[in-house]
Amino acid sequence: MHWYIDVLKKYATFSGRARRQEYWMFTLISSLIYVVLMVIDISTLGTGVIAVIYELAVLLPSLAVAVRRLHDTERSGWWLLIALIPLVGAIILLVFLASDSKGEANGYGPNPKLAAAAA
């Protein structure tokens, strides 16, 4: 759960790097929260409005952590726009987000794996 909270603490921080684990744990926890909210919302109100409000609330942190994840693979955050290409773009972006980080420091900062190991 600390991965989720850490991303929310960096609400709109688009600089730096994010480890694979940070990105995917945030995505997993956020998806689970969304599903639970949707089930509760549809069973009580029948609309799904609460789940949509949640998704809007975590939109900016989701974009920020995705950009930091791309920085970790030495790619610009603008690569997120490749998802606008139907089907192929989403697959390419998924491969980028699942790729391992570069071992050394890059133009976006030091390797977060090494920083976590030193702490």
Side-chain angles (χ1 to χ4, degrees):
M1 188 69 169
H2 79 282
W3 295 108
Y4 183 79
I5 302 298
D6 287 346
V7 170
L8 292 181
K9 286 179 183 176
K10 300 175 190 174
Y11 192 82
T13 305
F14 289 87
S15 61
R17 296 168 66 171
R19 296 178 61 186
R20 252 188 316 195
Q21 186 175 13
E22 179 182 359
Y23 174 78
W24 289 110
M25 291 303 289
F26 174 79
T27 302
L28 173 68
I29 293 169
S30 183
S31 298
L32 291 174
I33 291 171
Y34 175 78
V35 168
V36 168
L37 286 175
M38 186 61 87
V39 168
I40 291 170
D41 200 13
I42 289 183
S43 65
T44 58
L45 301 175
T47 59
V49 172
I50 296 172
V52 171
I53 291 171
Y54 169 76
E55 280 298 309
L56 289 174
V58 295
L59 177 64
L60 198 55
S62 298
L63 290 174
V65 75
V67 167
R68 290 194 314 269
R69 178 71 203 123
L70 287 170
H71 287 173
D72 196 40
T73 62
E74 286 194 76
R75 291 180 178 85
S76 169
W78 290 105
W79 276 102
L80 279 178
L81 297 177
I82 200 166
L84 297 175
I85 300 171
L87 189 61
V88 176
I91 293 170
I92 292 170
L93 183 61
L94 181 66
V95 169
F96 287 169
L97 293 172
S99 298
D100 195 14
S101 62
K102 303 300 178 190
E104 64 283 341
N106 63 23
Y108 300 105
N111 186 345
K113 283 184 184 177
L114 299 177

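One-based numbering along the sequence shown.
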(request) Heavy atoms only: give me the nearest Ser30-Glu55 pair and the separation to one decimal. (result) OG-OE2, 4.4 Å
(request) Sort out for me which residue in Asp72, Leu28, Val7, Val65 forms a side-chain contact (heavy atoms from CB on, under 4.5 Å) with Tyr23. (result) Val65
(request) Could you tell me which non-hydrogen atom of Glu22 sits nearest to which non-hydrogen atom of Arg68, and how far apart they are? (result) OE2-NH2, 3.4 Å
(request) State yes or no: do Leu32 and Ile40 share one hydrophobic cluster built from I, L, V, M, F, W and Y residues joined by side-chain heavy-atom distances below 4.5 Å, directly or via other members? (result) no
(request) Identify the heavy atoms of Leu80 and Ala66 that sit nearest to each other, and give their distance. (result) CD2-CB, 3.8 Å
(request) Drop me the distance from His71's NE2 to Ser101's OG, to the nearest 0.5 angstrom. (result) 14.0 Å
(request) Search all heavy atoms of Pro112 against all heavy atoms of Ala18 and return the closest pair with its distance. (result) CG-C, 4.4 Å
(request) Report yes if some heavy atom in the side chain of Leu97 is under 4.5 Å from a heavy atom in the side chain of Leu70; otherwise report no. (result) yes
(message) Which residues pass the side-chain hydrogen bond (donor to acceptor under 3.5 Å, both in side chains) test with Tyr4, not counting sequence neighbours?
(response) Tyr54
(request) Report yes or no: does Arg17 contribute a side-chain atom to a donor-acceptor pair with the main-chain N or O of Tyr108 at less than 3.5 Å? (result) no
(message) For a quick test of reading the model, state the closest non-hydrogen atom pair linking Pro110 to Ala105 and the distance between them.
(response) CA-CB, 3.9 Å
(message) Is there a side-chain contact between Leu8 and Phe26 in this structure, where contact means two heavy atoms from C-beta onward sitting under 4.5 Å apart?
(response) yes
